[in-house]
Amino acid sequence: AQSVAQPEDQVNVAEGNPLTVKCTYSVSGNPYLFWYVQYPNRGLQFLLKYITGDNLVKGSYGFEAEFNKSQTSFHLKKPSALVSDSALYFCAVKDAGKSTFGDGTTLTVKP
Amino acid sequence: NAGVTQTPKFQVLKTGQSMTLQCAQDMNHNSMYWYRQDPGMGLRLIYYSASEGTTDKGEVPNGYNVSRLNKREFSLRLESAAPSQTSVYFCASRTATYEQYFGPGTRLTVT
């Protein structure tokens, strides 16, 4: 089965600084990888995906993710964090007819 | 487009009571999913439906049943609620390239 791991439960950054939320994956075959964001009391929202092509994927709200096949990683990044980016972030991988989600990383951006 | 809608938003049940959570999507997606989200346990798949007329068990199906009424609607039924089913329930539908769109959630408390 496919799996993803998010090694950090919590990431804290100062507003204006770059942010990285980490994700590693384990798949057989070519990976379909995703990032989602969840704001308090809301459902998950799709941010971006990697299926094939450029290793740097751009998504919503200024986020991007870097696919690294040799390190089996798909880290979420943003050059300059905003307080409004504070939320719960999930990495996911396609797994047959469904997706397998990581346990989530809480991002806190402090003013 | 309303996207994915869920009813009700909140529900309190007594142990042993039954209820049905409703979900509908207007994006013409074939696949739909039911998840539960508990603190510290991430997102766990209860049941999914790859297409109208088919349903499959996910990671935590015990105590639940589902019905894929038509392409738009996918309902989740608790026949005899237990306190362990206190959770936030999310419905989602999926595009052809596997990104998922989530509803706003149902917050269920079983006393």
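Note that the coordinates shown come from a computational prediction; the quantities given were computed from them, not determined experimentally.
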Take B:Phe102 and A:Phe46 through the test ring pair (Phe, Tyr, Trp, His ring centres under 6.0 Å) and record every step on the way to the result.
CA-CA 9 Å; B:Phe102 286 77; A:Phe46 168 72; over 10 Å; no

A:Lys22, NZ atom: more than 12 neighbouring heavy atoms under 6.0 Å:
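Not buried by this count: 12 neighbours or fewer within 6.0 Å.
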
For the CG atom on B:Asn70, are there more than 12 heavy atoms of other groups (residues, nucleotides or ligands in this structure) within a distance under 6.0 Å?
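Atom CG in B:Asn70 is packed in, count exceeds 12.
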
By a 4.5 Å heavy-atom criterion (distance strictly below it), what part of B:Phe90 contacts chain A: side chain, backbone, both, or neither?
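Contact with chain A is through the side chain of B:Phe90 alone.
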
Side chain, backbone, both or neither: which part of B:Glu59 has an atom under 4.5 Å from a heavy atom of chain A?
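Answer is neither: B:Glu59 stays 4.5 Å or more from chain A.
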
Is there a path of hydrophobic side-chain contacts, each under 4.5 Å between heavy atoms, that joins [X] and [Y]?
X	Y	result
A:Ile51	A:Phe74	no
A:Val4	A:Phe34	no
A:Val93	A:Leu88	no
B:Val60	B:Tyr47	yes
B:Leu45	B:Tyr101	yes

Please look at [X] and chain B and tell me whether the side chain, the backbone, both or neither of the residue comes under 4.5 angstrom of a heavy atom of that chain.
X	value
A:Leu48	neither
A:Asp9	neither
A:Lys49	side chain

Among the options B:Thr97, B:Asp56, B:Val4, pick out the one with the most heavy-atom pairs lying under 4.5 Å from chain A.
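The answer is B:Thr97.
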
For each of B:Arg44, B:Gln37, B:Arg94, tally heavy-atom pairs with chain A at distances under 4.5 Å, and name the one with the top tally.
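Going by pairs under 4.5 Å, I would pick B:Gln37.
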
For B:Gln100 and A:Leu44: C-alpha separation, side-chain torsions, deciding distance, then whether side chain to side chain contact (heavy atoms under 4.5 Å, CB included) applies.
CA-CA 9 Å; B:Gln100 293 190 23; A:Leu44 280 68; over 6 Å; no

What's the separation between atom [atom1] in [X] and atom [atom2] in [Y], rounded to the nearest 0.5 Å?
X	Y	atom1	atom2	answer
A:Ser99	B:Glu99	OG	CD	9.5 Å
A:Asp95	B:Tyr98	CG	OH	10.0 Å
A:Asp103	B:Leu43	CG	CG	10.0 Å

Between A:Gln38, A:Gln6, A:Arg42, the one whose heavy-atom pairs under 4.5 Å with chain B are most numerous:
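Heavy-atom pairs under 4.5 Å are most numerous for A:Gln38.
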
